[in-house]
Amino acid sequence: MPPRGPGRGFMTEEEKQSVPKVTKELLVRVFSYLKPYWKQMALVLLAITVSSFFGLLPSVLTGKIIDDGLIARDLDALVKLILLSLAVTFAANLIGVLESYLNTWIAQHITFDMRNQMYRHLQSMSQRFFTSNNQGDIITRMTSDISGVQQVITSTFTSILSNSITLVVAVIAMYRKNWILATMGIIIVPLFTIPTRAAGKTRWNLTRESQAANDEINGILNETLSVSGQLLVKLFGKEDYEYGKYEAANRRMIDLNVKESMAGRWFRVVITTFTSIGPMLLYFVGGLLIMRYDADLSVGDITVLVALLGRMYGPVNSLLNIQVDWLRSMALFTRIFDYFDMPVEIKNAPDAIVPESASGAVEFDHVSFGYDESRLILKDVNFKLESGRSIAIVGPSGSGKSTIVNLIPRLYDVSGGSVLFDGTDVRKLDLGFLRENVGMVSQETYLFNGTIRENLLYAKPDATQEEIEEACRKANIHDFIASQEKGYDTEVGNRGLKLSGGEKQRISIARVLLRDPALLIFDEATSALDSISEAKIQEAIDPLIDSRTSILIAHRLSTILAADEIIVVKDGEIVERGTHKELVKAGGVYTELYETQFKAGLEHLAPEPPERPRPHRDYKLREG
Ligand code: ATP
């Protein structure tokens, strides 16, 4: 957002670097957002014109008050003129109110349109977009950048318009009085705004320097007054050193603050001096014209000219600054448009197929995939999962297990080969159909802030209480929920923080079950759960696997054993497949994983309790 105050007319180096090219296309695009509101904009234009004109009228009337009222000693005319002047001022202000209202209304509606359009667009962006872009940037684009547009419309556009109109009207009015003085005014005003700008620039630089010093001080404070920072300072005996650094930065800041404050004061001196030289020159030349050259000029005329001159400084100064405001605004629009122009990577095929029903069968046919072009994560992956059967995918951490399943609901599209769902390439299927039929419980369970019921209904808004309870029973979480004071209306807290990891997982299993997908993908959490939670999850998924087509990314032996077939992935390739017995016998990667990782998991399944309390164990698969 363009800063207000004396810094308005200047750009930082960073801003200068990113000045956009203002092309015809860009302007057309910007104006396309204004177009739906052209009627209101025409009204604003009219309001600005009338109010600028009315705003200048009192200055002109002052001349008449002096000449026709005071000097002519006509009380009647004087009263009338005074009343007229007051009425005009009042009318100008009233129109100003209308103008502000319309302006704000238009700006709000344009940003409303833009925000909605942007939100829709962002929703259609792929998972890749969200993993590779900083969340803060995305939110800034949605919030401050679009709010900046509002500012552009309410301030930059209107300021250009109203200042230009005021200037034109003022110049015309001046020329009608006296061309010599008018020409003088036209030369004087811009000439005298230049030193003002120079003073403004000095002040702006100082402000920025003092801001930088302030940031430095904050940095020092944050670093050295934090718990760990203080510990480091104490242990290394660096108190005096840090104090020295702080004192120096502090001193720099107070020096700059004094300078900045004085620059502000001098800035005012420069402004008042230069703006008062102009009128004096007009009085002098005007007086000269009357006294020496007998010009057709009255005292009132000179007063009018001086008043009009005074009204010109503001608009001229604004218009000199406007170029920077304008470029800033264009940079803002360019940034927003850059986002709009990002292609939608994963979208429905034009003639997408919507099958009647789904059986959940999956086939990977020579699939290769990389998150970016430089590095292939999956290489020639082939496997087939028939309807009603289940597959466990195992492998060391980072081998590509989650990546494989991400390709099924098209969170990403393959780089080579194809993924088939029910015999059809997923890219040809309707995305809505596909995602409705592929249920995924991911490693990181995400619950929205709300009640348990609200979170469950997210999957199926019209689910009945019976359906909800049935899903929760299957997911082995109903008893827990029922034991809560508020039952299904228990708040889960921000992101489900009020629940344990195991509870969250079971709720998210129930959530997927409510959808009743043809294919169930369960990405088992690698983080350690205690054995009771684990057993509960196990109890929940065992019957599910029996009853529907499923893919399990397994980190625990119990999960692996529940599947019909095991696929072993290493470095993005399927290196082994078979049943547990076959694979253990084969003595390959699986055996190694089994010996080092899964076997440990067997201990907590043992019937006898351990003799003494053990330290908490992490059963997760690590790089073998
Ligand atoms: P784990 O068992 O630890 O969950 P995994 O076998 O599921 O691991 P993946 O999550 O599929 O492994 O990751 C496979 C590889 O792809 C890893 O090297 C990882 O760094 C990389 N990777 C995963 N997600 C992304 C992403 N969004 N962008 C770029 N690279 C990624």
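When a ligand or atom number is given, it counts from 1 through the structure's own listing order.
Within the 4.0 Å heavy-atom criterion, neither part of K570 lies near ligand 1. The part of Q443 lying near ligand 1 is the side chain, judged by heavy-atom distances below 4.0 Å. Only side-chain heavy atoms of I377 come within less than 4.0 Å of ligand 1; its backbone N, CA, C and O stay farther off. Of all the heavy atoms of H555, the ones lying under 4.0 Å from any atom of ligand 1 belong exclusively to the side chain. Of all the heavy atoms of F130, none lies under 4.0 Å from any atom of ligand 1, so neither backbone nor side chain is involved.
Rounding to the nearest 0.5 angstrom, the gap separating the CD1 atom in I138 from the OG1 atom in T143 is 11.5 Å.
Looking at heavy atoms from C-beta onward, F383 lies in side-chain contact with I404 at the 4.5 angstrom threshold. Between D516 and K460 the shortest side-chain heavy-atom distance does not fall below 4.5 Å. Using a 4.5 Å heavy-atom threshold, the side chains of P355 and F433 count as touching. When side chains are defined from C-beta on, R375 counts as touching D372, because their heavy atoms get closer than 4.5 Å.
In the vicinity of S399, heavy-atom distances shorter than 4.0 Å reach the ligand 1 atoms 6 (O), 12 (O). Near T403, meaning under 4.0 Å from any of its heavy atoms, are these atoms of ligand 1: 9 (P), 11 (O), 13 (O), 14 (C). For ligand 1, the atoms lying closer than 4.0 Å to a non-hydrogen atom of S402 are 4 (O), 5 (P), 7 (O), 10 (O), 11 (O). Short contacts between ligand 1 and R375, defined as distances under 4.0 Å to a heavy atom of the residue, involve ligand atoms 17 (C), 18 (O). Near T131, with a cut-off below 4.0 Å to any heavy atom, the atoms of ligand 1 are 27 (N). Near Y412, meaning under 4.0 Å from one of its heavy atoms, ligand 1 places the atoms 27 (N).
Here atom 3 (O) of ligand 1 lies nearest to S397 when heavy atoms of S397, G395, S132, A554 are compared.
Of the N and O atoms on the side chains of R115 and S147, at least one donor lies less than 3.5 Å from an acceptor on the other residue. For the residue pair R120 and Q117, no side-chain donor N or O sits within less than 3.5 Å of a side-chain acceptor on the partner.
Under the side-chain hydrogen bond (donor to acceptor under 3.5 Å, both in side chains) criterion, the residue pairs touching residues 339-349 are R29-D341, S126-E345, R128-E345, N348-D430, with sequence neighbours excluded.
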